[in-house]
Amino acid sequence: MKLKQLVALITTGVGLMAAAQAQTVLKIGYATSPQSHYGVGSTVFCDEVEKGTQGRYKCQHFPSSALGGEREMIEAVQLGTQDIVNTSTGPLGNFVPEVRIVDIPFLFRDYDHARKVMDGPIGQDLLQKMAARGLIGLAWTENGFRHMTNSKRPIVQANDASGLKMRTMENKVHMDGYKTFGILPTPMPFPELFTALQQGTVDGQENPIPVILASKFSQVQRHLSLTGHVYSPAVIILSPAVWNKLSAADKQVFVEAAKKGAVAQRKKVNDDENNGIAQLKSEGMQVVEKVDGESFRKAVAPAYAQFAREFGADKIAAIQAVR
Ligand code: PAF
């Protein structure tokens, strides 16, 4: 080997060793599988972080609730014992009360409306509010519009849901809304849900199509109704313990990476919405596609007076007015 080649080899080797030594591995957790919408969004986010920081930061993934339920993961990110969580807003309002407003049932007309609000000034303002509660919101990703499943009967109108014991997220806004449909809400962390459905501890649950698919709920639930009764936003949150150590340039890389993760996650939600219902039918679910949405909106209307007192009628109207 020529001297020049030897020097090049040694320099590369030293460079690689230095890079390996300087690498920080960040723990990211989410509720569903690596192939699900959360897995897809988190993978794109992490790949972009790794690329944008020339490998100085990379992720170790903890999918399928391996680090616990969403409430536990948010708490761990706040404490700095977990670095990143890609989570729904379900339990987030318990940490950042201002975000509760986006959990109001029938607040958003459709995906286009919801994404515009979350990416616009209202959503960005909520993202900023997280810092004061020890959480760095990087970008809104997405869980999706939630639909009801149960083991008892088809739900066509609000009355059909009356009396059903349904698992809900640990979210007071959801629970207050669902009570108006006559549902008996049973808050429970997601990791306990499959067994609760299997054992009949609850009759049903509500979640977006990507979650129903990824969690194989067709094995334990006969009926699916496309109620779309509430939008479920999600968000990539970073621990301040990590954020505060980042240079300004790296902070920008993390934020841009989260935005790319959000695009990928939302695309997976779209794909699952488009293809997943046929799959769930083929797995034996009875699907009510034409739900009487008006009956649900009428039922929940009285709760809007309470939501207006809690969040401000003007703030609710501002969200509804986004076109
Ligand atoms: O139902 C829930 O708790 C959430 O929708 C889930 C499945 C954890 C995803 O955010």
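In each ligand, atom 1 is the first atom listed, and ligand 1 is the first ligand listed. Treat the numbers as computed from the prediction; the structure is a model and nothing was measured.
- Here Tyr38 pairs with nothing under the ring-ring contact (aromatic ring centres under 6.0 Å, His included) rule; sequence neighbours left out.
- Shown in contact with Ser88 at under 4.0 Å from a heavy atom are these atoms of ligand 1, numbered in order with element: 10 (O).
- Between Phe108 and His113, a ring centre-to-centre spacing shorter than 6.0 Å is recorded.
- For ligand 1, the polar-atom distance check finds an N/O of Arg146 within less than 3.5 Å of one of the ligand's N/O atoms.
- At a heavy-atom cutoff of 4.0 Å, ligand 1 is contacted by no atom of Gln205, backbone or side chain.
- Note: Tyr178 and His229 meet the aromatic proximity criterion, with ring centroids under 6.0 Å apart.
- Of all atoms in ligand 1, listed by their number and element, those nearer than 4.0 Å to a heavy atom of Ala31 are 8 (C).
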- request: Walk me through it: do Arg100 and Asp176 pass the test salt bridge (Lys or Arg N to Asp or Glu O under 4.0 Å)?
  value: CA-CA 12 Å; Arg100 283 190 183 138; Asp176 288 346; over 6 Å; no
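- Under the salt bridge (charged side-chain N to carboxylate O under 4.0 Å, His left out) criterion, Arg133 pairs with Glu98, sequence neighbours left out.
- The Tyr38 neighbourhood of ligand 1 comprises atoms 9 (C), 10 (O), with distances under 4.0 Å to a heavy atom of that residue.
- At a heavy-atom cutoff of 4.0 Å, ligand 1 is contacted by the side chain of Arg167 but not by its backbone.
- Atom 5 (O) of ligand 1 has its nearest heavy-atom neighbour, among Thr87, Thr32, Asn207, in Asn207.
- Aromatic ring pairs are classed by plane angle as parallel below 30°, tilted from 30° to 60° and perpendicular above 60°; the pair Phe106 and Phe296 is tilted.
- For atom 6 (C) of ligand 1, the closest non-hydrogen atom on the protein side is Glu70 OE2, 4.0 Å.
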